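Below: one structure, written as structure tokens.
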Amino acid sequence: MPEGHTIHRLARDHRPLLVGQQVRITSPQGKFAAGAALLDGRTCLRIEPYGKHLWYLFEGDLSLHVHLGLYGKWNGGGGPPRLSMTTGSARLELRGPTACEVHTTADRRAVLQRLGPDPLRRTDDGHRAAERIARSRTAIGQLLMDQSVLAGVGNVYRAEVLFRARQSPFTPGRDVTTWDAMWLDLRALMRQGVRDNRIVTTGARRPVRREDAHWVYRRAGEACRVCGTPVRTEVMAGRNLFWCPTDQAPDG
DNA sequence: GCAAAATGTCAAG
DNA sequence: TTGACCTTTTGCA
């Protein structure tokens with residue numbers, strides 16, 4: 001399930017299958033029938049991931065925009081897929097996405113414009129995010145989830161990067177002094193996530209048991225791995241936040 | 001076997 | 001802030 005690392009991994013896996021190929025596109029489930037007809041038979045030119053968004057660019061200024069949301073999946077589950085892409089040798093099926101639509105270049109630009117820097121893009125830097133954070137009274141735990149501040153970070157990386165920086169989620173952005181460290185850490189963690197196709201932040205050795213993969217995420221009530229204090233949880237930005245009240249105590 | 005939750009977003013009120 | 005949407009997994013009977 002998808003935070004930014006999943007999307008970048010999909011792009012990496014799909015490139016050798018689709019780029020340079022003429023692609024047969026259909027909508028067995030019917031909901032994307034018109035879009036599929038528009039794209040069907042075109043050659044895929046490139047695949048571009050950005051944050052949690054994924055674009056398959058085709059000849060003729062049209063692209064397929066996919067956002068997996070919470071449940072979307074390529075090549076999993078049963079029943080008729082929303083979208084099917086086939087070449088001579090590959091078959092990809094998309095089920096349960098939040099977004100599956102045809103974009104023009106202008107549509108794609110409009111989405112990109114609303115997104116903050118993506119830690120997984122080599123040329124992005126954290127400066128734009130740093131400025132937003134430094135100006136804001138909003139809690140850092142909320143800012144990290146805002147895709148216009150930072151693209152690709154979701155609920156797991158939020159909890160884990162805050163813990164690794166020993167940063168309280170409740171500190172207002174303008175008072176945060178750990179941003180540079182968190183940006184660098186996100187780059188490393190998310191790259192690792194692309195390699196593993198999975199989020200592991202504890203440095204646990206493979207094979208990593210599920211209960212050893214995270215410091216605090218989904219560990220409410222369990223002992224903090226560092227200090228033993230029970231991990232706490234509370235809804236922030238509409239999602240369950242997890243943190244250690246001792247290691248991530250607010251300053252002062 | 002079913003209810004609830006889940007790595008997400010948007011639009012309505 | 002809430003509800004809607006989409007699907008799979010988890011936890012409790």
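Just so we're clear, the structure is a prediction, and the values are computed from it rather than from any experiment.
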inquiry  = Tell me whether the side-chain N/O atoms of A/Lys31 come closer than 4.0 Å to OP1 or OP2 in C/dC6.
reply    = yes

remark   = Closest of C/dT10, B/dT7, B/dG8 to the A/Arg210 side chain is C/dT10

ask   = Any side-chain N or O of A/Arg239 under 4.0 Å from OP1/OP2 of B/dG8?
value = yes

inquiry  = Starting the side chain at C-beta, find the nucleotide from B/dT7, C/dT8, B/dA6 nearest to A/Lys73.
reply    = C/dT8

request  = Could you give the distance separating B/dT7 and C/dT1 at their C1' atoms, to the nearest angstrom?
outcome  = 22 Å

inquiry  = With a cut-off of less than 4.0 Å, is there a side-chain N or O of A/Arg82 near OP1 or OP2 of C/dC6?
reply    = no

key: Nucleotide of B/dT9, C/dC6, B/dT7 approaching A/Asn155 most closely (side-chain heavy atoms)   = B/dT7

CD/A/Gln113: more than 12 non-hydrogen atoms of other groups inside 6.0 Å = no

key: B/dT7 phosphate, OP1 or OP2, under 4.0 Å from A/Lys52 side-chain N/O   = no

inquiry  = B/dT7, OP1 or OP2 - any side-chain N/O from A/Tyr217 closer than 4.0 Å?
reply    = yes

key: Touch class at under 4.0 angstrom, heavy-atom based, for A/Gly78 against every strand present   = sugar-phosphate

ask   = Hey, do the aromatic rings of A/Tyr56 and A/Trp74 have their centres closer than 6.0 Å?
value = yes

message = Could you check whether A/Glu48 pairs with A/Arg108 (Lys NZ or Arg NE/NH1/NH2 to Asp/Glu carboxylate O, under 4.0 Å)?
response = yes

task = Determine whether the aromatic ring centres of A/Tyr157 and A/His5 lie less than 6.0 Å apart.
result = yes

key: Candidates B/dT7, B/dC10, B/dT9 - which lies nearest the side chain of A/Arg114   = B/dC10

query = More 5' along DNA chain C: A/Gly238 or A/Gln29, using each one's nearest nucleotide?
reply = A/Gly238

ask   = So, is A/Asn240 close to the B/dA6 phosphate, meaning a side-chain N or O under 4.0 Å from OP1 or OP2?
value = yes

message = Among B/dT7, B/dG8, C/dT8, which nucleotide has an atom closest to any side-chain atom of A/Ile199?
response = B/dT7

query = Are OP1 or OP2 of B/dT9 and a side-chain N or O of A/His67 less than 4.0 angstrom apart?
reply = yes

task = Take A/His214 and A/Glu160 through the test side-chain hydrogen bond (donor to acceptor under 3.5 Å, both in side chains) and record every step on the way to the result.
result = CA-CA 7 Å; A/His214 310 131; A/Glu160 295 296 297; 5.4 Å; no

